[in-house]
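In what follows, every heavy atom counts, from backbone to side chain, and hydrogens, waters and symmetry copies are set aside. Order of the sequence lines sets the chain letters (A, B, ...), proteins ahead of strands, with each chain counted from 1.
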Number of protein chains: 2
Amino acid sequence: MRDLFDRMNEPAEVNVAPDRGRGVIARYRTFLPVSESTPIVSLGEGGTPLIFSPRLSAIVGRGCEVYLKYEGLNPTGSFKDRGMTVAVSKAIERGAAALICASTGNTSASAAAYAARAGIRCVVVLPAGKIASGKLVQAFAYGAKVVAIDGNFDDALRIVRELGQRDDFAIVNSINPDRIAGQKTAAFEIVDELGDAPELHLLPLGNAGNITAYWAGYREYRDAGKSRTLPAMLGFQAAGAAPIFHGRVVEQPETIASAIRIGNPASWEAAKEAVRDSHGVVDIVTDTEILEAQYWLATHEGVFVEPASAAPIAGLFKCCEPARAPAYPFTKIPEASRIVCTVTGHGLKDPDVMADRLTTLNAVAPNEQEVLRAIEES
Amino acid sequence: MRDLFDRMNEPAEVNVAPDRGRGVIARYRTFLPVSESTPIVSLGEGGTPLIFSPRLSAIVGRGCEVYLKYEGLNPTGSFKDRGMTVAVSKAIERGAAALICASTGNTSASAAAYAARAGIRCVVVLPAGKIASGKLVQAFAYGAKVVAIDGNFDDALRIVRELGQRDDFAIVNSINPDRIAGQKTAAFEIVDELGDAPELHLLPLGNAGNITAYWAGYREYRDAGKSRTLPAMLGFQAAGAAPIFHGRVVEQPETIASAIRIGNPASWEAAKEAVRDSHGVVDIVTDTEILEAQYWLATHEGVFVEPASAAPIAGLFKCCEPARAPAYPFTKIPEASRIVCTVTGHGLKDPDVMADRLTTLNAVAPNEQEVLRAIEES
C-alpha cells in the first residue's frame, strides 16, 4: 500500500486549483453567460476535490490512473449547485421574484438554497403521494414552498412551465440552459488540475444534462487553448431506467438510484451527440451492481456517495470484466489513461439505502477482553 | 439587496486559496507533525468556503463583515476530517492496524472514512442503548466495526484507552494531539483568504478541541509572519451542556445539539486559556435559540448546518441584543471588524431535527390557478 499513498500525494501530477470557495462564476466568468452587471448569487460551490483512487487504478491496471470528482462536497451536497448559481444569478438579473421547479431531489434542494441566498422565494411542485420526505428535507430546511398536486410528474412539469411564462417566476428545471452552462465548470476544473483533459470520463446518466455539460465544457476549454485533447464520454444508466441505452422512452423507470430514475431525459439528443462525437458509449448497470459499487467505494476509498453516483464506478468494474460484455471493454482503454469518474452527490443525501448495513448490536461486557473478542468475531 | 450581492462577489477582499482538494497536509505540511516519510492519507479535506454573509453583516452593522467558514463541506461533512487526516497518517506511519474511538457522531464518521482510505480497520465502541442509528449511518457505510457495551460513555472511553495501549490500535478520540494539529489548518485558511486574522472568531464549544486548535493556529501563523493580529475567541455552549461557562462538570448534559453535548470537555483548560489570552468569552445559548439560528441561516443565507453549528450564529445574535446581557456585548465589537463564524457540520448530518418543518401536504388540482393559490396562501 505504501506506494499507493505516495502516489496519492505526488505533487507533480496535479496543478494548483485557484479560487476555491469563491464559486464557479468568480472563477470561470469569461466562460459563463454573465456580465459585469449580473448580481452573483453564490454559496462557494465548485472547487471540489479530484481524489486519486489508488485501488480503482490498480483494478484497471496497465498504468492507468483513476480519479474521483467528488461533487458531493458542493454546498447542498450535489453537482446541481454549479448550474444553480448561474441560473439564479441570471434570474435575479431578470428581476424574478421566485424560482419554480418540479423535482423531488437534488434540484429542489439546490434551488431552495440559492433562492434563500438570493432572498427570493422557491416553489417546488410535486405529484402527491410520490413524496418521500427524506428527499425533501433540504427543500423544507431552506424554506421552499412545496405544493403537491393530484397528478403525475408530467403534470407537475407542465404547470411549472406554465407558471414560468410569468415574469415573476424563473424555471430552474434542467430545461433552463443556464444550468448546463454552470455545470460545464466541473470539466474546466478537471483540466485545470490535470493539465489536460483525461482520456476517459465516466458519469451517471439520468436526465443527461451533466454529460451534455461536461462535453460542452471539455470542447470549449480545448477551443480556448486550455487543453489539447478531449475525453471519451461514458454514461451509465440504471438497468431499470435506461431509455438512451435502449433507444426508447421508459414509461415506468425503476431504480434505487433515484437521481437517475428518468424515463425520458431532457437532454437526450445532446447526450447522444456527446457519446457519438467523443467515441464513448452508453451502458447499463443493475441496482445490485450500483449498491455494491457504492459500498465498495465507501469501504475501500472512504468516499460515501449517493446510489446514482456509484453507477460510473459499477460501470468501470463492468468495463474491466471482459466476460460481462460491456459496451466499452477493458481492451479499448488506452494504456496509462487518466480516467475521471464523477460522483455526483454525497451519501448523506440518501441514508436510507444504508439501513441494511445498520446491524443489530448485542451489548458485550464493558471490559477490554470482551470488546476484543467482539472485534475479532467479525 | 443588489449592493449585498456585489459585496459577496467583491474580489479585492479575499485572496486566492491555493491547493484546494489536495488536503490539508499537502497544503500546510510545514506546520504539521509529518515528515517526508509519513504516508499521507487524505480525502481532499479542507479548503472549505469562507462565505460572506451579507445579512449577518447588516445585523451587526457598523461596517462589520461576517463570514461563515462552512466546514460541512469536508469529505465526511464535518471539520473532524482536518484532524483525522493527520491522526490517521501518523497512525499508518507507526504501523497501526486499526483505529479505535468512542464516539456516536462526527468523530466516528471521520475515523471510519479515513480508516477505509488507509486500508485499515476502524472500531467504534459505544454504550448500548444510547445509539441513535441515524448518527451512525456513516460509520456503518464506511465499514467500521461497531461494538456496543453494557456500560456508559466513560466505560467506552476507558476501554478505548486500554486497547490504545496495544501497538496495533491507534486511538483517534480527541485525546490524540495529532487531531488538534490538523484542525489548526482552518485558521491558516482563514488568514490566507482574508490576508490577516479576523478581529473576532465565534465557534461552538463542546469538547473544546476546536477552539484550542484555532487559537493555536492563529498564534502559530502570526509567529511565522503570516498575519499581524490575533482574533478574540468567542465560544458558545448549549445552555444544558455548559461546563466551561459554569465552571463545573455537567453530569447529564442535555441539548439538541448533539455534537456539543459534552459535560466534561477534554480540552477544558486549553479552551480557557484561549478565551483568556485572546480577550474573548464563553457564553451560552438555549436549544430554542440554536434551532432558530439554524433555520434562520438556512432560509436567509442558504447555508444548512447541523444544530451545534448554529450555536455561534445564535451567539452572534445574542451579542447584538444588549437587552439580553451577553458576555460579549455588541459595543465591544470594534467598528469594521471582520467576524468569522465556524459552522462545523453539514445539516444533512442530522436531518431529524428538521422533521417539524416537513409540513403535511394537501394535494391541489393539477392546474396553474390552483397551484398559484396554494403558493399565495403561505
For the candidates B:A156, B:P366, B:G143, B:G347, which exhibits the highest count of non-hydrogen atom pairs separated by less than 4.5 Å from chain A? B:P366

If you define the side chain from C-beta out and look only at heavy atoms, does anything of A:E368 sit under 4.5 Å from B:R166? yes

B:Y70 portion near chain A, given a 4.5 angstrom heavy-atom threshold: side chain

Toward chain A, the part of B:V364 with a non-hydrogen atom under 4.5 Å: both

Residue part contacting chain A, namely of B:N152, when any heavy atom lies under 4.5 Å: neither

List the atom of B:V137, the atom of A:M354, and the distance in Å for their closest heavy-atom pair. CG1-CB, 4.0 Å

So for atom CZ, which belongs to A:R161, do other residues, nucleotides or ligands contribute more than 12 heavy atoms lying within a distance under 6.0 Å? no

With A:F169 via ring-ring contact (aromatic ring centres under 6.0 Å, His included) - residues at least two apart: none

Segment of B:V303 engaging chain A (4.5 angstrom heavy-atom cut-off): both

Looking only at heavy atoms, which two atoms of B:L348 and A:T76 are closest? And how far apart? CD1-O, 4.4 Å

When rounded to the nearest 0.5 angstrom, what is the spacing between CG in B:L43 and CG in A:L68? 9.5 Å

Specify the closest pair of heavy atoms between A:P49 and B:G44, including all atoms of both residues, with the distance to one decimal. CG-O, 3.6 Å

How about B:R121 and A:I375: do any of their side-chain heavy atoms sit closer than 4.5 Å? yes

With rounding to the nearest 0.5 angstrom, report the CZ to CG distance, A:R22 to B:L50. 11.0 Å

Only pairs of heavy atoms separated by less than 4.5 Å count here; which of A:V125, A:D155, A:T299, A:V160 has the most with chain B? A:T299

Under 4.5 Å, counting heavy-atom pairs only, tell me which of B:I149, B:L297, B:N367, B:V353 racks up the most with chain A. B:I149

Return the NZ to CD distance between A:K145 and B:E376, rounded to the nearest 0.5 Å. 11.0 Å

Backbone N/O of B:R117 and side chain of A:R55: donor-acceptor pair under 3.5 Å: yes

What is the minimum heavy-atom distance between A:A298 and B:A141, and which atoms define it? CB-O, 3.2 Å

So which of A:A365, A:P75, A:S53, A:P351 has the largest heavy-atom pair count under 4.5 angstrom toward chain B? A:P75

Tell me, for A:Y142 versus chain B, whether the close heavy atoms (under 4.5 Å) come from the side chain, the backbone, both or neither. both

